[in-house]
Trainee: 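The following block contains the structure, expressed as structure tokens.
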Amino acid sequence: MSIVMQIKPLVVKALKELYNFDIEEADLTINTTKPEFEGDYTIVLFSFIKSLKRSPEQIGKELGDHLTSQHATIFHAYNVIKGFLNLVISNDYWINFLRTNFLATQFGVKPSNGITVIVEYSSPNTNKPLHLGHLRNNFLGWSVAEILKSNGYEVFKTCVVNDRGIHICKSMIAWQFFANGQTPESTNTKGDHFVGNYYVKFDQEYKQQVNDLLAKGLGKEEAEREAPIMKATQQMLLDWEAGKPEVIALWKKMNQWVYEGFDVTYQTIGSDFDKTYYESDTYIKGKKFVEEGLNKKVFFKKEDGSTWIDLTEDGLDEKLVLRKDGTSVYITQDLGLADEKYKDFQYKESIYIVGDEQNYHMKVLKLILKKLEKPYADGIYHLSYGMVDLPTGRMKSREGTVVDADDLVDEMVGIAAKHTEELGKVAGFTEAELQDLYDTIGLGALKFFLLRVDPKKRIVFNPEESIDFHGFTGPFVQYSHARIKSILRKEKAEPTYKLQSTGLLAAERELIILLEQYPTILEQAAQEHNPSVIAIYIFTVAKTYNTFYAEHSVMNAESADKKQLRLQLSEMTANIIASAMHLLGIKVPERM
RNA sequence: GGUCCGGUAGCUCAGCUGAAUAGAGCAACAGCCUUCUAAGCUGUGGGUCACAGGUUUGAAUCCUGUCCGGAUCACCA
């Protein structure tokens, strides 16, 4: 149990014994002591001075005396400054903590709690390649899933592929019209990029046709409706829904190209899924909800035959759930999919990694499921994340400002290679090891950059400035790990060594206090569904270790005891860095 | 216009279930490699926490209002 969770009941008990005063553990404020004061943890006394009718100094002294005398193994000393009781935890406590945990690669990881959670993330369209926004989604989803796993949840990662609809038909039509039978193979192009090019081509051609029609005197709406390529696309969608064989064949062929491209990208960035859903399979399944909703009088029909739900009492609007022609809309599909996923996984919680532009949609989805009295409605959780914007604003594919995922990864790996070569520390690496190292560092920089920010905040990415490799970055943490490993290759701590209580220097103490907080950080990250908590924490750990490293020698420590202590500290720091970075989907190198 | 989210150092961000003099990184400047990897370390400068009220022993943090930025309110997905 964490030291803070041990202190709390002791304080509650002490206040009861000293003053017959009752307080809940939750109402106690215990912070780490500010560096300018002596102590490890601080109890804030202000909240109960009024009830006790004593001065904070008196309470601090009496509580401090009580704790240090009754629990001398934990509390070594105390001091009171204004309303703050600063507690010094005993060296023996910290040293004992370190000895029992420094080898534990699973430190902080919780045993199974039997609760099933699913995380839906990535969810690409099969008409264009992945871009920077998708990367944030992928990294978030993967990381949140792993964080929940480490907290004992049984987690399944799912992906919904938007593989049908008018936007898919656009690239198909453009390919039919303009490709002359070219393929990814014949043009040596990655499949998703190949198809994406035709999606762009469609847009260009469409604009051209609209302009031509405008020139002929048609109105804007009419021109947009009458453009031949758009009409052909709409016909194709109808043909697809009717199952016309040659359309289905083309659809399958082009989607397959995209999947082959996605597979390469997913492999590179480390995304994986336990189950993939295809919209083409699931888009019909929501329709049965419409009947159910009508029977339960949750939905209603309008005169034109369309079906709606009235959410005005909940502060929202009326929402269409089925078109008058009987085809389903987006929300209908998602209702069906939620049900499908529940059948598959019996989840307690279903997390959707979806951008904040869909906040309204996700709110409606959950609300409708509630009104339909679905048992899983409360478990729907929208992990809403902000857009990745350019300094000039949103990325726009029409204006060619979209930052392509594959390109960006290549660029980051290239920069990692350049830095590594310049530093010249990798003698003896094989070609394969070098490539692996470049991937590790380049992807590490990219993932850390996107995960260190609170998900709900938007991120500004400036393509003119490459992502940093110094300071609050992935490579900084990776580098700290590599330096520790360099020491541990020379000598490891002896697990059986009996450390005498040699005292702890400030740098040692600060580090050990931080390491002890890791399990609490894991809990917080899981509870908040927030990987940035871990990124911030592990940066602090690395930074603190680096300060310690610069001040004190491990190999040439002042005494055998100090050497063992520092080897243990180093080993535990390396383990926690590896563990935390894994939760962010980032590998850590042995050397760099 | 309604709803939701954000506004903290020149820039990018922590801190937001209230607590000590508001913290990091980048950028700038000054130092530190004959000692475990300098992708590192140390120091200096840099803040009306958007603004105005309120609650409180105590507010960047909670409440109200205003201003600014973004998202959304489709028989698109």
Side-chain angles (χ1 to χ4, degrees), chain A residues 26 29 31 33-34 36-37 42 44-47 49-50 56 81-84 86 123 125 162 164-168 279 283 302 304-308 315-331 333-334 355-361 363-364 384 386-387 389 391 393-394 416 419-420 422-423 425-426 441 445 449 452-454 456-462 465 468-480 482-491 532-533 535-536 539-540 542-543 545-557 566 570 591-592:
Chain A
T29 305
N31 302 326
T33 304
K34 299 235 170 206
E36 55 267 38
F37 303 103
T42 296
V44 182
L45 305 171
F46 295 110
S47 54
I49 52 175
K50 220 191 290 177
I81 298 170
K82 293 198 270 180
F84 301 93
N86 301 320
S123 304
N125 294 325
N162 300 120
R164 61 161 288 280
I166 192 79
H167 52 302
I168 307 300
E279 198 189 297
Y283 82 105
K302 289 195 175 175
D304 65 0
S306 56
T307 309
W308 296 72
L316 305 175
D317 307 307
E318 285 188 356
K319 185 86 186 169
L320 178 91
V321 292
L322 199 69
R323 295 190 185 100
K324 64 182 173 216
D325 65 5
T327 57
S328 54
V329 290
Y330 185 37
I331 194 83
Q333 298 171 32
D334 271 352
D356 60 11
E357 58 196 349
Q358 295 193 43
N359 284 354
Y360 181 78
H361 173 77
K363 207 167 166 180
V364 168
S384 168
M387 297 290 105
D389 290 331
R394 271 185 101 146
H419 283 331
T420 306
E422 282 168 4
L423 291 167
K425 299 180 183 180
V426 285
I441 297 172
F449 175 80
R452 58 174 239 205
V453 181
D454 187 323
K456 69 172 176 291
K457 296 205 174 182
R458 49 174 233 144
I459 290 181
V460 177
F461 173 81
N462 189 346
E465 306 166 7
D468 220 321
F469 282 55
H470 302 273
F472 185 14
T473 68
F476 174 94
V477 180
Q478 291 172 322
Y479 175 71
S480 307
R483 274 209 311 201
I484 296 172
K485 285 297 180 162
S486 175
I487 294 173
L488 295 175
R489 271 193 299 277
K490 297 185 175 73
E491 187 166 345
S532 77
V533 169
I536 292 162
F539 167 68
T540 309
K543 191 176 154 51
Y545 185 87
N546 286 340
T547 301
F548 155 79
Y549 178 97
E551 285 176 12
H552 307 292
S553 175
V554 176
M555 298 305 292
N556 297 314
R566 290 176 190 168
S570 299
R591 293 176 58 195
M592 69 185 273

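Please read these numbers as outputs of a predicted model, since none were measured by experiment. Here is how names work: the chains are called A, B, and so on, in the same order as the sequence lines, proteins then strands, and each is numbered from 1.
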Trainee: Taking only residues two or more places apart in sequence, or in another chain, which ones meet T547(A) in a side-chain contact (heavy atoms from CB on, under 4.5 Å)?
Mentor: E551(A)

Trainee: Quick one: list whatever passes ring-ring contact (aromatic ring centres under 6.0 Å, His included) with F449(A), sequence neighbours left out.
Mentor: none

Trainee: Looking at A38(B), does its base get a donor-acceptor pair with the side chain of N546(A) below 3.5 Å?
Mentor: no

Trainee: What protein N or O atoms touch nucleotides 6-10 of chain B N or O atoms at under 3.5 angstrom, if any, and at what distances?
Mentor:
from	atom 1	to	atom 2	distance (Å)
G7(B)	OP1	K457(A)	NZ	3.2

Trainee: With no hydrogens and no angle check, do the side chains of Y549(A) and S570(A) hold a donor and an acceptor under 3.5 Å apart?
Mentor: no

Trainee: Can you sort out the partners of A557(A) under side-chain contact (heavy atoms from CB on, under 4.5 Å), two or more places apart, ordered by chain and number?
Mentor: K562(A), K563(A), R566(A)

Trainee: The criterion is side-chain hydrogen bond (donor to acceptor under 3.5 Å, both in side chains); which residues satisfy it with S384(A), sequence neighbours excluded?
Mentor: N359(A)

Trainee: Only Watson-Crick and G-U wobble pairs with both distances less than 3.5 Å should count. Give RNA chain B in dot-bracket notation, marking inter-strand partners with |.
Mentor: ((((((((.[[[[.)...(...]]]].(((((.......))))).....[[[[[..)....]]]]])))))))....

Trainee: Residues two or more places apart in sequence or in another chain: which of them pass side-chain hydrogen bond (donor to acceptor under 3.5 Å, both in side chains) with Y360(A)?
Mentor: D317(A)

Trainee: Any chance you could list the contact pattern along nucleotides 22-31 of chain B? Use B for base contacts, S for sugar-phosphate-only contacts and - for none, protein heavy atoms under 4.0 Å, 5' to 3'.
Mentor: --SSS-----

Trainee: When you match L316(A) and V426(A) each to their closest nucleotide on RNA chain B, which lands nearer the 5' end?
Mentor: L316(A)

Trainee: If you measure from the C1' atom in A24(B) to the same atom in C67(B), how many Å do you get, rounded?
Mentor: 29 Å

Trainee: Any non-hydrogen side-chain atom of F476(A) less than 4.5 Å from a side-chain atom of K543(A)?
Mentor: yes

Trainee: Need the glycosidic conformation of C49(B): syn if within 90° of 0, anti if not. Which one?
Mentor: anti

Trainee: May I ask you to say whether K324(A) pairs ionically with D304(A), meaning some side-chain N is under 4.0 Å from a carboxylate O?
Mentor: no

Trainee: For F469(A), which residues count as a ring-ring contact (aromatic ring centres under 6.0 Å, His included) partner, sequence neighbours excluded?
Mentor: H419(A)

Trainee: Regarding N546(A) and S480(A), is there a side-chain donor-to-acceptor distance under 3.5 Å anywhere?
Mentor: yes

Trainee: May I have the distance from H419(A) (atom NE2) to A38(B) (atom P), rounded to whole angstrom?
Mentor: 17 Å

Trainee: Classify the nucleic acid contact of N86(A) as base, sugar-phosphate or nothing, counting any heavy atom under 4.0 Å across all strands shown.
Mentor: base

Trainee: Treat primed atoms plus P, OP1 and OP2 as sugar-phosphate and everything else as base, then score nucleotides 70-77 of chain B 5' to 3': B for base contact with protein heavy atoms under 4.0 Å, S for sugar-phosphate contact only, - for none.
Mentor: -SSS-BSB

Trainee: According to the 5.5 Å centroid and 30° plane-angle thresholds, does F37(A) stack upon the nucleobase of A20(B)?
Mentor: yes

Trainee: Could you work out, with ring-ring contact (aromatic ring centres under 6.0 Å, His included) as the rule, every residue matching Y330(A), not counting sequence neighbours?
Mentor: H361(A)

Trainee: Under 4.0 Å between any heavy atoms, over every strand shown, what does T327(A) touch: base, sugar-phosphate, or nothing? Just pick one.
Mentor: nothing

Trainee: Describe the nucleic acid contact of N31(A) in one word from base, sugar-phosphate, nothing, applying a heavy-atom distance below 4.0 Å.
Mentor: nothing

Trainee: Does the side-chain ring of F84(A) lie flat on the base of A20(B), meaning centres under 5.5 Å and planes less than 30 degrees apart?
Mentor: yes

Trainee: Would you kindly give the CZ-to-P distance between F46(A) and A59(B), to the nearest whole Å?
Mentor: 12 Å

Trainee: Hey, is Y549(A) stacking on C41(B)? Ring centres under 5.5 Å, planes under 30°.
Mentor: no

Trainee: Would you indicate, yes or no, if A38(B) has its OP1 or OP2 atom less than 4.0 angstrom from a side-chain nitrogen or oxygen of R483(A)?
Mentor: yes

Trainee: Could you tell me whether R323(A) and D325(A) have a side-chain N and a carboxylate O separated by less than 4.0 Å?
Mentor: no

Trainee: Measure the distance from NZ on K490(A) to P on C36(B) and round it to the nearest whole Å.
Mentor: 8 Å

Trainee: If I compare all heavy atoms of D468(A) with all of T473(A), which pair ends up nearest, and what's the gap?
Mentor: O-CG2, 3.5 Å

Trainee: Contact class for T42(A) (heavy atom, under 4.0 Å): base, sugar-phosphate, or nothing?
Mentor: base

Trainee: List in chain and number order the residues that pass side-chain contact (heavy atoms from CB on, under 4.5 Å) with S328(A), two or more places apart in sequence or in another chain; answer none if no residue qualifies.
Mentor: Y283(A), K287(A), L322(A), T332(A), Q333(A)

